[in-house]
Amino acid sequence: MNYGQFLNMIPEAFLVLALIVVFIQDFIIAGKKVKGYTLAATTIGLLAIVTTVCLTASPAEAFGGMYVATKAANVMKAILAAGTLVVVLMAQPWIESQEQNVKYEGEFYLLVLSTLLGMFMMTSSGNFLMFFLGLETASVPMACLVAFDKYRKTSAEAAAKYILTATFSSGVMLYGISFLYGAVGTLYFDDVAKHIAFLTNFKSQMPMLLTGLVFFFSGLGFKLSLVPFHFWTADTYEGAPTAVTGYLSVVSKGAAAFALMAILAKVFQPLTEYWEYMLYIVIVLSITVANLFALRQQELKRFMAFSSISQAGYIMLAVIGASQMGMASLMYYVLVYVVANMAVFTVISAVEHNGQCSKVNGQPLTMLSAYNGLYQTNPRLTFLMTLALFSLAGIPPFAGMFSKFFVFMAAAQQGSYWAYFVVFVALINTVPSLYYYLRIVKAMYITPCETPLPTFRTAATTRVALALCTAGIALFGVCSCLYDYLFNAAAL
């Protein structure tokens with residue numbers, strides 16, 4: 001083996017280096033009072049470096065095509081690393097609030113970086129085996145993160161549901177990959193695509209190919225929490241620590257969406273007429289069912305769980321047709337979704353760990369009623385939360401409106417009547433989504449409350465995270481050069 005090929009994996013190499021640095025530092029300063037601040041600063045700095053490296057890395061290939069880093073993949077890695085940086089920033093108040101969390105802070109950062117490494121491998125895979133290993137590298141540490149509050153019953157329950165679902169979905173996906181291997185005799189994306197293009201001329205081979213496609217799509221559907229593979233989402237999001245919930249809903253979902261589109265475009269392009277109809281059904285179900293269930297939620301993390309299912313449906317609109325515009329729209333949507341969704345979860349985490357009280361009017365701080373009258377005592381936090389919710393709802397002039405516009409255009413570009421119908425359904429569903437996002441705004445500004453949450457000061461890292469997210473919400477929609485850059489990087 002030529003180990004010099006590892007030099008072609010520059011983003012992954014820097015991330016592995018970051019893992020080693022954090023591990024050694026945690027080992028050296030274990031038990032010291034400076035541990036938390038030192039580890040946090042180191043992790044944040046390393047993630048900033050990794051983000052920069054991803055943006056400047058050149059397209060490369062290693063190990064006979066098992067690793068393929070395109071410009072689009074490198075840009076997506078930068079988006080994922082930036083989202084992870086925001087997660088680390090928002091997690092600090094939660095970590096500092098409990099002695100048990102401070103004790104295992106190093107493990108938290110190591111698990112986060114390990115999960116990110118798996119996502120990097122997924123986005124640059126050129127082989128189904130490489131892709132599956134990356135998926136598992138991302139999923140196993142994520143299960144540990146979900147269970148990080150191990151003394152909380154809800155966290156343990158959420159981890160159990162996540163592990164069982166992840167195990168089942170991985171088995172389903174591996175079963176589908178085995179069907180594909182049985183049909184074509186190879187696992188390399190380029191070779192599989194060539195064999196599929198040839199075998200489509202033989203009707204006797206189609207059942208095995210379509211079975212492999214359906215099982216593979218179903219496995220990734222669980223990771224993306226698309227309907228009807230979404231049943232684990234609400235309970236896991238509610239029970240996991242808030243910082244982990246944000247990480248799971250944004251960064252993990254973005255990596256899976258990018259990988260799904262890349263594989264459908266590269267490998268299953270000859271079968272487009274089949275998987276497009278699967279996408280139509282899944283998109284309509286995901287957006288509609290999630291919106292209906294979100295209307296009933298009173299617990300904010302469960303509410304954001306169904307919101308994330310709906311947003312996953314919108315992301316899948318970009319996959320229809322698998323065009324260059326679709327890939328650019330997907331990356332842009334994920335980027336905007338990262339800043340808007342992470343802003344909401346940062347506010348939820350700040351309220352949950354406010355340091356003043358653990359309940360408001362007898363209700364836990366993650367309940368919608370706890371936000372009644374929040375504007376009276378914490379107007380700045382309320383304003384930032386409102387901007388993030390407006391962006392998620394697609395209200396102009398915020399970036400969320402432009403991200404939805406681009407995925408609608410990418411789907412409509414496909415040109416079929418079914419694509420137009422799906423876009424129409426997605427447009428109609430923006431109405432109920434607007435209603436349930438504005439329920440939170442109504443609670444903060446309008447709903448009367450004699451004893452709202454007391455005034456509190458957010459941590460410095462929380463303020464930095466909110467500043468970054470708010471800047472993205474305000475600027476990404478007006479910086480047209482950003483979409484042009486993503487479009488040029490998205491050549492399939």
Side-chain angles (χ1 to χ4, degrees), residues 9 11-12 54 57 59-63 65-81 116-135 137-138 173 176-177 180 186-194 196-197 212-213 216-221 223-224 226 251-272 274-276 278-279 282-283 312 315-335 337 406-407 410-411 413-414 486-492:
M9 305 169 65
E12 288 78 10
C54 292
E61 184 176 315
F63 303 106
M66 290 192 72
Y67 174 89
V68 180
T70 61
K71 188 174 181 181
N74 288 333
V75 171
M76 193 66 200
K77 290 175 190 176
I79 295 173
L80 299 178
L116 185 61
L117 178 61
M119 296 176 194
F120 276 21
M121 293 170 63
M122 286 170 55
T123 56
S124 288
S125 56
N127 182 290
F128 277 109
L129 181 60
M130 174 84 166
F131 174 80
F132 185 76
L133 291 175
L135 185 67
T137 304
M173 180 183 295
I177 293 173
L180 293 173
T186 181
L187 292 175
Y188 285 91
F189 289 168
D190 292 338
D191 294 337
V192 172
K194 292 176 183 177
I196 290 178
L213 169 62
F216 178 80
F217 183 85
S218 300
L220 264 185
K223 306 299 181 184
L224 283 162
L226 296 168
V251 182
S252 177
K253 196 179 296 291
F258 179 88
L260 176 60
M261 180 168 186
I263 292 174
L264 289 178
K266 290 179 182 178
V267 181
F268 297 112
Q269 193 277 332
L271 301 175
T272 300
Y274 297 99
W275 59 255
E276 274 191 346
M278 283 197 302
L279 271 181
V282 166
I283 289 171
I315 293 174
M316 288 297 101
L317 285 171
V319 181
I320 297 176
S323 62
Q324 182 177 358
M325 182 179 181
M327 179 63 82
S329 300
L330 185 146
M331 291 192 292
Y332 184 80
Y333 198 104
V334 171
L335 176 61
Y337 183 53
F406 286 131
V407 295
Q413 190 184 45
Q414 199 272 346
L486 293 177
F487 185 83
N488 293 329
L492 295 172

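Sequence positions, counted from 1, serve as the residue numbers for this chain. All values below come from the heavy atoms of this structure, side chains included, with hydrogens, waters and symmetry mates left out.
Atoms OG1 and CG, from Thr123 and Leu80 in turn, are 6.5 Å apart once rounded to the nearest 0.5 Å. Atom OG1 of residue Thr137 and atom CE of residue Met121 lie 4.5 Å apart, to the nearest 0.5 angstrom. To the nearest 0.5 Å, atoms OG1 (Thr70) and NZ (Lys266) are separated by 5.5 Å. One distance of note links OG of Ser124 with CG of Asn74; it measures 6.0 Å at 0.5 Å rounding. In this structure, CE in Met261 is found 12.5 Å from CD1 in Ile263, a value given to the nearest 0.5 Å.
When atom types are taken as modelled, the side chain of Gln324 and the backbone of Phe487 share a donor-acceptor pair closer than 3.5 angstrom. A donor-acceptor contact shorter than 3.5 Å links the side chain of Trp275 to the backbone of Phe268. In this structure, Ser125 contributes its side chain and Met122 its backbone to a donor-acceptor pair below 3.5 Å. The closest donor-acceptor contact from the side chain of Lys71 to the backbone of Ala489 lies at 3.5 Å or more, if one exists at all.
Summarising the geometry of Pro270 relative to Ile196, their closest heavy-atom pair is CB-CG2, 3.9 Å, with the distance given to 0.1 Å.
Using a 4.5 Å heavy-atom threshold, the side chains of Phe258 and Ile79 count as separate. Proximity of Leu317 to Tyr333: side-chain heavy atoms (C-beta onward) are nowhere separated by under 4.5 Å. Side-chain contact between Val407 and Ile315 is absent, with no heavy atoms from C-beta onward closer than 4.5 Å. Contact annotation: the side chain of Tyr67 never approaches that of Glu61 to less than 4.5 Å [non-hydrogen atoms, C-beta and beyond]. With a 4.5 Å cut-off on side-chain heavy atoms, Leu226 and Ile283 do not count as touching. A heavy-atom distance below 4.5 Å is not found between the side chains of Leu187 and Val192. Under the 4.5 Å side-chain criterion, counting only non-hydrogen atoms from C-beta, Phe131 is in contact with Met173. Using a 4.5 Å heavy-atom cutoff, the side chains of Met119 and Leu135 are not in contact.
Classified by interplanar angle (parallel below 30°, tilted 30° to 60°, perpendicular above 60°), the ring pair Phe406/Tyr332 is perpendicular.
The ring pair (Phe, Tyr, Trp, His ring centres under 6.0 Å) check on Phe189 picks up Phe128, with sequence neighbours excluded. Among residues two or more places apart in sequence or in another chain, the salt bridge (Lys or Arg N to Asp or Glu O under 4.0 Å) test is passed with Lys223 by none.
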